[in-house]
Trainee: 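Dropping the structure in here first, questions after.
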Protein chains: 2
Amino acid sequence: MRVSTRFSDSIHLLAFLKVYAGERLTSDLIASSIETSPVVVRRLMGKLRHAGLIATTPGTAQPVLAKPLSDISLLTVFYAVEGDKSLFSVDPKTNPDCIVGGNIQNVLQQYYQDAQTAAEARLAKTSLQDIVDNLLVEQAKKEAVQ
Amino acid sequence: MRVSTRFSDSIHLLAFLKVYAGERLTSDLIASSIETSPVVVRRLMGKLRHAGLIATTPGTAQPVLAKPLSDISLLTVFYAVEGDKSLFSVDPKTNPDCIVGGNIQNVLQQYYQDAQTAAEARLAKTSLQDIVDNLLVEQAKKEAVQ
DNA sequence: AATCACGGTAATTAATCTAGTTACAGGAAG
DNA sequence: CTTCCTGTAACTAGATTAATTACCGTGATT
């Protein structure tokens, strides 16, 4: 019932590209930050490249952001890696000869869409630049304690 | 990544109890409307009974609503059958020695919570009575065409 | 009381999805 | 040409969901 970690991992990946821009960014290095396998990272980069969020060239260890992070919202990333998947799912087949079964799908669909739209509106409000800003603030807090 | 059909099926079930109240409501009959198995229906009824939404007595075919449908929101049903599960999931382990990996979980958690809260607020706005009203309207439309 | 219908629940199975692993072809750079 | 890397496919393992089978206990009817 939940969104896969592809979403979180993709945000992680994009933020990583920004924070460590200029360095040698192999899929192995990125994977060690996410704590997953390099293949998973490459698969994610494939989707993100397809969505026009990053640019990569095979062989080089230099994936780069294709646009400013301030122009990429969480929702953009969500669509890039999860497509237009629905958060809530209606039962595909219910008894059409029943007042409930024959109409429930249409009725629920509308309310589910409303709920998902509300969630997506929140995701759209936050850019990846906001995420990176927060990461740096959190990091600064940590270092201040030490 | 999606919410299981338990949620939809439970709404279906509760609406069914209202629409066909007074009739002989076996788990078999309810299952035939949802087009699932009677065991699934009984399992759902177990959760709904546990949440105080319905009352059942073994042996009799008479599950009844424990409160007015107008007092049951979609969110109430969601919690009853899905618990407090998160729609979005953060990667449980990321590299703590990295600016990104060490802070991304905390940062994302907050934005995910905002998105989920927004979705839940929509679900809370709709009562099961609204659903039943809509079902009857849709049914009337169908019959008017014929 | 005996019987039958039904709910409550556990156990098993199958299907689906996710993510990790291995493997390999091809590009880039020294 | 050699080495490091990306892009992908194929396979495997684990988790989740829902269907099925099975069995016990309750309630109603006679």
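Every chain is numbered from 1 and lettered A, B, ... according to where its sequence line falls, protein lines coming before strand lines.
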Trainee: Is there a donor in the side chain of A/Asp133 and an acceptor in the side chain of A/Gln129, or the other way round, less than 3.5 Å apart?
Mentor: yes
Trainee: What nucleotide, of C/dG7, C/dG20, D/dT20, holds the atom closest to the side chain of A/Val40?
Mentor: C/dG20
Trainee: May I have the distance from A/Leu87 (atom CG) to C/dC17 (atom C1'), rounded to whole angstrom?
Mentor: 16 Å
Trainee: Round to a whole Å and report the spacing from CZ of A/Arg6 to C1' of C/dA19.
Mentor: 9 Å
Trainee: Between B/Ile30 (CD1) and C/dG8 (P), how many Å, whole number?
Mentor: 10 Å
Trainee: Does C/dC24 have its OP1 or OP2 closer than 4.0 Å to a side-chain nitrogen or oxygen of A/Arg42?
Mentor: no
Trainee: Look at the side-chain N and O atoms of A/Thr26 and state whether any lies under 4.0 Å from the OP1 or OP2 oxygen of D/dT6.
Mentor: no
Trainee: Classify the side-chain pair A/Tyr111/B/Asp130 by whether it contains a donor and acceptor separated by less than 3.5 Å.
Mentor: no
Trainee: Pick one: which of A/Leu13, A/Leu69, A/Thr76 meets side-chain contact (heavy atoms from CB on, under 4.5 Å) with A/Leu53?
Mentor: A/Thr76
Trainee: A quick test of your reading: do over 12 heavy atoms of other residues, nucleotides or ligands sit less than 6.0 Å from NZ of A/Lys93?
Mentor: no
Trainee: How many Å lie between NZ on B/Lys47 and P on C/dG7, as a whole number?
Mentor: 19 Å
Trainee: Base, sugar-phosphate alone, or nothing: which one does B/Leu25 contact when heavy atoms must sit under 4.0 Å apart?
Mentor: sugar-phosphate
Trainee: Could you work out, with side chain to side chain donor-acceptor pair (under 3.5 Å) as the rule, every residue matching A/Thr57, not counting sequence neighbours?
Mentor: A/Thr60
Trainee: Whole Å only: how far is the CG atom of A/Leu13 from the P atom of C/dA19?
Mentor: 14 Å
Trainee: Atom CG of A/Asp9 to atom P of C/dA19: distance rounded to whole Å?
Mentor: 7 Å
Trainee: Regarding A/Gln139 and A/Glu143, is there a side-chain donor-to-acceptor distance under 3.5 Å anywhere?
Mentor: yes
Trainee: Taking the inter-plane angle between the rings of B/Phe78 and B/Phe7 on a 0 to 90° scale, is it parallel (under 30°), tilted (30 to 60°) or perpendicular (over 60°)?
Mentor: perpendicular
Trainee: Of all residues at least two apart in sequence or in a different chain, which pass the side chain to side chain donor-acceptor pair (under 3.5 Å) check with B/Ser8?
Mentor: A/Tyr112
Trainee: Can you check whether B/Thr36 has a side-chain N or O nearer than 4.0 Å to OP1 or OP2 of D/dA18?
Mentor: no
Trainee: Polar atoms only, N or O, under 3.5 Å: list the protein pairs with nucleotides 10-14 of chain C and their distances.
Mentor:
from	atom 1	to	atom 2	distance (Å)
C/dA11	N6	B/Arg43	NH1	3.2

Trainee: What residue pairs, at least two apart or across chains, pass ring pair (Phe, Tyr, Trp, His ring centres under 6.0 Å) with a residue in residues 16-40 of chain B?
Mentor: B/Phe16-B/Tyr20
Trainee: Give me the residues of residues 50-66 of chain B where at least one heavy atom lies under 4.0 Å from an atom of DNA chain D, by number, or none.
Mentor: B/Pro58, B/Gly59, B/Thr60
Trainee: Examine D/dT17: is either OP1 or OP2 under 4.0 Å from a nitrogen or oxygen in the side chain of B/Lys85? Give yes or no.
Mentor: yes
Trainee: Does a side-chain N or O of A/Thr5 approach OP1 or OP2 of C/dA19 to a distance below 4.0 Å, or not?
Mentor: yes
Trainee: Could you list the residues that satisfy side chain to side chain donor-acceptor pair (under 3.5 Å) with A/Gln113, not counting sequence neighbours?
Mentor: A/Thr117
Trainee: Return the value, rounded to whole Å, for the distance between atom CG of B/Asp91 and atom P of C/dA19.
Mentor: 8 Å
Trainee: Atom CD of B/Glu82 to atom C1' of D/dA18: distance rounded to whole Å?
Mentor: 13 Å
Trainee: How is B/Ser37 classified with respect to the nucleic acid when contacts are heavy atoms under 4.0 Å: base, sugar-phosphate, or nothing?
Mentor: base
